[in-house]
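Here the structure comes first, spelled out in structure tokens, and everything after it is commentary.
Order of listing sets the numbers, starting from 1, for every ligand and every atom in it. Values below: every heavy atom of this structure, side chains too, minus hydrogens, waters and symmetry copies. In this chain, residues are counted from 1 in sequence order.
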Amino acid sequence: MSETSRYARQLTLPEFGVHGQARLARARVVIVGVGGLGAPIATYLAGAGVGHLTLVDDDVVALHNLHRQPLYTEADVGRAKVECAATALRARNGTITIVPRAARVTASNADAIVTGHDLVLDGTDTLPTRYALTDACVRAGVPLVYGSVSRLEGQMSVFGLGNGPCYRCLFPEMPDAALAPSCAEQGVLGVVPGVIALLQATEALKVLSGLGTPLAGRLLHADLSRGVFHEFMIAARTDCACRAPAAVAARAAWTAAMTPSSTPHMAIPQLTASDVHYALRGEHPPRLIDVREPWEYETAHIEGAELMPMGGIPLAVQPGGALAELPRDTALIIQCHHGGRSNQVAHFLAGQGFTNVSNFDGGIDAWSIEIDPSVPRY
Ligand SMILES: [Zn+2]
């Protein structure tokens with residue numbers, strides 16, 4: 001199975017690219033509750049290439065779960081959710097690590113569950129679990145992507161990100177359980193948790209990859225009976241536990257750890273087709289790395305170019321990868337079809353410490369036009 005083309009559709013997003021993919025590959029995420037919210041969240045995070053997913057749930061699959069939890073099948077009924085989910089997710093993406101934990105999050109184990117993760121996704125519908133999780137996240141400085149649903153409504157937010165508020169800033173004390181009926185008591189249309197779950201998964205991918213503006217300090221409320229979304233600003237409460245110095249320090253440490261140390265905006269030499277032609281004929285020619293897909297390489301390639309599709313580059317620099325042992329001053333020219341993908345890869349490699357990397361601006365198309373017309377254009 002070709003690993004390199006798996007993420008092609010998101011790699012070509014300029015604001016995501018190989019940097020975003022590499023950040024996802026390093027990320028460690030815990031999803032608490034693998035039900036109506038957690039099952040779709042897990043499906044999309046696994047598909048996107050989040051490198052480590054811990055799944056926590058003590059429930060077994062029931063027939064009435066199937067209308068909103070598409071990870072499970074009729075054959076799974078009666079089996080532990082985390083085991084069924086892990087099997088289904090590994091079948092979708094065998095390159096990531098899935099750790100199932102058949103447990104219920106309580107105040108006594110929440111710290112141990114959150115520790116070692118970069119992000120927590122709340123897929124639970126029980127309040128004691130949510131409050132235990134919130135408090136553990138505040139202590140660890142780890143953001144919590146919150147979601148909840150009821151009937152035809154849902155809401156979500158990202159709590160504890162940077163200086164943003166936490167869940168207790170919004171709801172300081174746990175309400176009486178009798179005042180907070182669950183989905184089982186109120187009913188829910190299956191698509192409603194699906195909508196909220198995908199918003200949560202979107203926020204998770206944004207926070208982990210550095211894409212866009214996270215939904216922190218804001219609560220998004222969805223009234224799906226009317227098809228209306230409303231946004232409410234949430235302020236941090238100065239007397240909340242999340243404002244304590246230890247909690248502020250923990251969040252600062254998280255931010256420092258998750259912010260890439262090397263900026264991707266360093267200057268990369270941009271070579272024309274004739275520059276590349278000249279360099280390749282020199283006494284010590286650079287290595288020409290073609291980061292297109294295999295079908296493109298088969299359609300047309302420059303003699304001597306080494307095929308290394310873009311999707312595999314983040315893995316190639318990891319220990320054991322094709323580029324891992326390469327001296328960091330090796331002369332590399334990165335090439336694709338027109339120069340866009342290769343420019344991203346060149347920046348990524350420079351960020352990984354490669355000091356002599358150039359981009360072939362114009363790519364193989366410019367080569368066909370300016371240097372060698374026998375190379376087919378496509
Ligand atoms: Zn707070």
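- For the pair R341 and E296, the salt-bridge criterion is met [side-chain N within less than 4.0 Å of a carboxylate O].
- Taking a cut-off of 2.8 Å, the protein N, O or S atoms nearer than that to the Zn ion (ligand 1) are C166 SG, C169 SG, C240 SG, C242 SG.
- Under the salt bridge (charged side-chain N to carboxylate O under 4.0 Å, His left out) criterion, R23 pairs with no residue, sequence neighbours left out.
- Considering H117, R28, R101 in turn, H117 is the only one that fulfils the side chain to side chain donor-acceptor pair (under 3.5 Å) rule with T54.
- Here D58 pairs with R104 under the salt bridge (charged side-chain N to carboxylate O under 4.0 Å, His left out) rule; sequence neighbours left out.
- Residues satisfying the side-chain contact (heavy atoms from CB on, under 4.5 Å) test with F171, not counting sequence neighbours, are Y131, Q155, Y167.
- Taking the side chain as every heavy atom from C-beta outward, L219 and E231 never approach each other to under 4.5 Å.
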